[in-house]
Amino acid sequence: MRLSRYFLPILRETPKEAEIVSHRLMLRAGMIRQESAGIYAWLPLGLRVLNKINAIVREEQNRAGAVELLMPTIQSADLWRESGRYDDYGKEMLRIKDRHERDMLFGPTNEEMITEIFRAYVRSYKDLPLNLYHIQWKFRDEVRPRFGVMRGREFLMKDAYSFDLDEAGARHSYNRMFTAYLRTFARLGLRAIPMRADTGPIGGDLSHEFIVLASTGESQVFCHKDFLDYEVPPADIDFDDASVMQGVFDTWTGRYAATEEMHDKAAFEGLPADAQVSARGIEVGHIFYFGTKYSGPMKAVVNGPDGKETPVQMGSYGIGPSRLVAAIIEASHDDNGIVWPDSVAPFHVGLANLKVGDAGTDAACADLYARLEQAGVDVLYDDRDERPGAKFATLDLIGLPWQVIVGPKGLADGKVEVKRRRTGEREMLSPDDAVRKIAG
RNA sequence: CGGGGUAUGGCGCAGCCUGGUAGCGCAUCUGCUUUGGGAGCAGAGGGUCGCAGGUUCGAAUCCUGCUGCCCCGACCA
């Protein structure tokens with residue numbers, strides 16, 4: 001993409017409403033624009049990152065055996081009356097009426113709808129287990145939205161719903177998603193630690209929040225330092241093997257880890273002093289098992305092997321991609337701007353022509369641009385007639401993993417500069433070597 | 001939902017107290033110079049001063065009401 005033809009509205013000054021670093025940087029880098037409190041338009045650069053995250057989330061959901069569908073944002077109130085949540089949900093739910101004065105709502109989540117879909121088609125235990133997910137916009141009318149997309153009212157959520165015949169099956173489904181989440185966050189360049197969450201009236205040990213450690217995190221968390229080194233399950237792990245999945249779960253829940261709400265001070269202080277990690281954290285995922293909470297009242301039942309009807313055992317699994325964009329920035333930035341992990345960067349490399357209009361740099365850039373694109377690398381080519389300083393500042397701000405800087409000085413030696421954003425490391429290479437280094 | 005702020009060009013702000021018809025920096029446009037870490041000079045365009053009433057010869061400025069947005073707290077993916 002040529003920057004001269006792109007839409008990248010960089011701000012030099014920080015809008016005053018932005019408090020936390022991810023919000024500031026997202027506004028400055030032209031990723032989002034606030035349209036109302038807690039409601040944002042995603043500008044091209046932001047959308048690219050969001051789509052990259054979605055793609056990784058999808059791959060890992062599919063790998064774990066979940067199946068994608070897409071449910072609407074607007075739901076009928078009747079569905080929620082069936083589960084009893086229409087009255088329970090309170091003002092967080094945005095309620096609307098259609099032209100026929102029917103009660104509708106902008107979905108804050110989809111348990112009711114997925115249960116309705118399931119019960120409409122599935123009759124036999126032979127169709128289980130089943131895990132359906134979608135990635136869709138949700139709306140929760142927060143009293144006080146803040147921190148940009150970290151705590152918006154409209155937000156994108158991947159929510160998966162598992163259906164099993166019995167509790168053992170449900171536990172396996174839970175463990176699959178647990179494993180998929182570990183892989184997903186790792187691929188996004190994050191270290192996420194599963195922490196035991198409140199299970200509410202269901203009880204049991206099957207609810208976890210996945211917390212990313214970041215100094216600017218919203219809540220205080222406590223964990224054993226071993227979590228920082230645990231190995232993430234490999235891509236070829238057998239999701240169908242219940243004992244393998246249970247092993248992952250046991251490992252990753254075997255040490256102390258809790259958010260402030262669930263914190264057990266005595267237990268934490270019982271750990272060796274050098275194993276105690278007390279840090280700030282951001283919740284990026286939440287999974288839970290809730291049995292027949294919805295399948296019971298909504299009559300989502302299957303015939304078991306014994307011919308008897310039983311309500312299905314359900315669980316749900318959420319990840320917030322829009323929030324993740326901010327969380328990744330919180331965990332990965334410096335004074336000059338964002339530092340994207342390779343896997344979610346909006347472009348892989350920024351190509352800066354330091355002297356637009358100079359035959360030498362123009363030709364060298366055109367050549368590099370074509371070759372990198374041909375090699376399948378996403379390039380943002382800064383071909384604007386700007387001063388070098390402005391280009392450096394822009395590239396650092398938007399945080400592309402690689403920068404290729406082409407100026408007359410280097411070119412005189414047949415070299416271009418290749419800079420790694422994360423480390424600041426730079427080297428002068430021939431265009432051939434530069435392409436090889438970045439594409440190879 | 002309680003408490004506190006704030007609203008002036010795309011962004012950041014001054015002007016308001018003491019009413020006289022809007023200004024600064026950045027950004028944008030034009031020209032010349034400049035070109036390896038957010039350039040310089042000269043010129044230009046862009047604002048019904050959040051909205052609605054009121055006071056006044058005259059309101060960004062004073063009064064009343066409303067709304068948006070932000071911050072702290074309670075709440076939350």
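So you know, we letter chains A, B, ... as the sequences are listed, proteins then strands, and number each from 1. Bear in mind that the values here come from a model prediction, so they are computed numbers and not experimental data.
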Checklist entry - Can you tell me how far P of B/C76 sits from CZ of A/F288, to the nearest Å? => result 13 Å

Checklist outcome for this item: note: A/R28, atom CZ; B/G10, atom C1'; distance rounded to Å ~ 15 Å

Item to check | Geometric cation-pi criterion, A/R81 with A/Y86: 6.0 Å, 45° | outcome: yes

Checklist outcome for this item: Residue set satisfying ring-ring contact (aromatic ring centres under 6.0 Å, His included) with A/Y161, at least two apart, ordered chain then number -> none

Item to check | Whole-Å C1' distance, B/U18 and B/A27 | outcome: 35 Å

Checklist entry - Hey, does A/E209 reach any base, or is it just sugar-phosphate, or nothing, if we go heavy atoms under 4.0 Å? => result nothing

Item to check | Span that lies between the C1' atom of B/A7 and that of B/G50, in whole angstrom | outcome: 6 Å

Next on the checklist: Under a 3.5 Å cut-off for both contacts, is B/C29 paired Watson-Crick or G-U wobble with anything, and if yes, with which nucleotide?
Outcome noted: B/G43

Next on the checklist: Need the pair for B/G12. Rule: Watson-Crick or G-U wobble, both distances under 3.5 Å, any strand; none if unpaired.
Outcome noted: B/C24

Checklist entry - Is it true that A/D378 and A/R48 make a salt bridge, defined as a side-chain N closer than 4.0 Å to a carboxylate O? => result yes

Next on the checklist: Per the side chain to side chain donor-acceptor pair (under 3.5 Å) rule, what does the pair list look like for residues 385-395 of chain A, sequence neighbours excluded?
Outcome noted: none

Nucleotide N/O to protein N/O under 3.5 Å, stretch nucleotides 26-29 of chain B:
from  : atom 1 : to    : atom 2 : distance (Å)
B/A27 : OP1    : A/R12 : NH1    : 3.2

Item to check | Watson-Crick or G-U counterpart of B/A74, or none if no pair lies under 3.5 Å | outcome: none

Checklist entry - For the residue pair A/Q313 and A/A170, what are the closest heavy atoms and their distance? => result CB-CB, 4.0 Å

Checklist entry - Got a donor-acceptor pair under 3.5 Å from the side chain of A/R146 to the base of B/C69? => result no

Checklist entry - At under 4.0 Å between heavy atoms, what does A/D396 touch on the DNA or RNA strands: base, sugar-phosphate, or nothing? => result base

Next on the checklist: Can you confirm if the aromatic rings of A/Y174 and A/H172 lie within a centre distance of less than 6.0 Å?
Outcome noted: no

Checklist entry - Contact class for A/K419 vs. all strands (heavy atom < 4.0 Å): base, sugar-phosphate, or nothing? => result base

Item to check | Interatomic distance, A/D88 CG vs B/C76 P [rounded to whole Å] | outcome: 14 Å

Item to check | Members of residues 33-54 of chain A that approach RNA chain B, where some heavy atom sits under 4.0 Å away | outcome: A/Q34, A/S36, A/A37

Checklist entry - What integer number of Å spans the C1' atoms of B/G20 and B/C29? => result 33 Å

Checklist entry - What distance, rounded to whole Å, do you find between the two P atoms, one in B/U30 and one in B/A52? => result 36 Å

Item to check | Nucleic acid contacts - residues 56-71 of chain A versus RNA chain B, non-hydrogen atoms under 4.0 Å | outcome: none

Checklist entry - Between A/F147 (CZ) and B/C76 (P), how many Å, whole number? => result 15 Å

Checklist entry - With sequence neighbours excluded, what pairs up with A/W340 under the side chain to side chain donor-acceptor pair (under 3.5 Å) test? => result none

Next on the checklist: As a test of reading the structure: which of B/G12, B/G36, B/C76 is closest to the side chain of A/L354, going by heavy atoms?
Outcome noted: B/G36

Checklist entry - Sequence neighbours excluded, which residues qualify as salt bridge (Lys or Arg N to Asp or Glu O under 4.0 Å) partners of A/E417? => result A/R426

Next on the checklist: If I pick the C1' atom on B/C70 and the same atom on B/G12, what distance separates them, to the nearest angstrom?
Outcome noted: 15 Å

Checklist entry - OP1, OP2 of B/A39 versus side-chain N and O of A/R387: anything below 4.0 Å? => result yes

Item to check | ring pair (Phe, Tyr, Trp, His ring centres under 6.0 Å) partner of A/F178, chosen from A/Y289, A/Y317, A/F210 | outcome: A/F210

Item to check | Pairwise C1' distance for B/C17 and B/G3, with rounding to whole Å | outcome: 26 Å

Checklist entry - With both distances under 3.5 angstrom, what nucleotide forms a Watson-Crick or G-U wobble pair with B/U55? => result none

Checklist entry - Which is true for A/G407 with a 4.0 Å heavy-atom rule: it touches a base, it touches only sugar-phosphate, or it touches nothing? => result base

Checklist entry - Is the distance between the ring centroids of A/F222 and A/H263 under 6.0 Å? => result yes

Item to check | Residues A/D342, A/R420: salt bridge by 4.0 Å N-O rule | outcome: yes

Item to check | Value in whole Å for how far the C1' atom of B/G38 lies from NZ of A/K391 | outcome: 13 Å

Nucleotides 1-6 of chain B: which of its N/O atoms have a protein N/O under 3.5 Å away?
from : atom 1 : to    : atom 2 : distance (Å)
B/C1 : OP1    : A/K91 : NZ     : 2.6

Next on the checklist: Does A/G337 reach a base, just sugar-phosphate, or nothing at all? Heavy atoms under 4.0 Å.
Outcome noted: nothing

Next on the checklist: With a 3.5 Å limit on both atom pairs, tell me what B/U6 is paired to, counting Watson-Crick and G-U wobble, or say none.
Outcome noted: B/G68

Next on the checklist: Under 3.5 Å, is there a donor on one side chain and an acceptor on the other for A/Y133 and A/Q61?
Outcome noted: no

Contacts table for residues 431-440 of chain A: side-chain donor-acceptor under 3.5 angstrom, sequence neighbours left out:
from   : atom 1 : to     : atom 2 : distance (Å)
A/D432 : OD1    : A/R371 : NH1    : 3.3
A/D432 : OD1    : A/R371 : NH2    : 2.5
A/D433 : OD1    : A/R436 : NH1    : 2.8
A/D433 : OD2    : A/S430 : OG     : 3.3
A/K437 : NZ     : A/E427 : OE2    : 2.5

Checklist outcome for this item: In whole angstroms, the gap separating P of B/G37 from CG of A/D334 amounts to 18 Å

Checklist entry - Is any NZ, NE, NH1 or NH2 atom of the basic residue among A/R384 and A/D382 found under 4.0 Å from an Asp or Glu carboxylate oxygen of the other? => result yes

Item to check | Nearest-Å distance once atom P is located in both B/C11 and B/C69 | outcome: 15 Å

Item to check | Name of the residue among A/E116, A/E82, A/R85, A/R119 meeting side chain to side chain donor-acceptor pair (under 3.5 Å) with A/Y294 | outcome: A/R85

Next on the checklist: I need the residues from residues 408-415 of chain A with at least one non-hydrogen atom less than 4.0 Å from RNA chain B; give them sorted by number, or say none.
Outcome noted: A/K409, A/G410

Checklist outcome for this item: Here the distance between atom P of B/A39 and atom CG of A/D385, to the nearest Å, is 13 Å

Item to check | Nearest-angstrom distance from the residue atom OH of A/Y89 to C1' of B/C76 | outcome: 9 Å

Distance-only criterion, 3.5 Å: show the donor-acceptor pairs between side-chain atoms of residues 1-21 of chain A and protein atoms not counting sequence neighbours.
from : atom 1 : to     : atom 2 : distance (Å)
A/R2 : NH1    : A/D383 : OD2    : 3.2
A/S4 : OG     : A/D383 : OD1    : 3.0
A/S4 : OG     : A/D383 : OD2    : 2.7

Next on the checklist: Distance check, P atoms only: B/C51 and B/A42, in whole angstrom units.
Outcome noted: 35 Å

Checklist entry - Using 30° and 60° as the class limits, which term best fits the ring planes of A/W137 and A/W42: parallel, tilted or perpendicular? => result tilted

Item to check | Basic-acidic side-chain contact under 4.0 Å: A/K355, A/D362 | outcome: no

Item to check | Sugar-phosphate only, base, or nothing, as touched by A/T394 at under 4.0 Å among non-hydrogen atoms | outcome: base

Checklist entry - Can you pull the ring-ring contact (aromatic ring centres under 6.0 Å, His included) pairs that have at least one residue in residues 45-85 of chain A, sequence neighbours excluded? => result A/W80-A/Y89

Next on the checklist: Return the pairing partner of B/U35 with a 3.5 Å limit on both distances, Watson-Crick or G-U wobble; otherwise return none.
Outcome noted: none

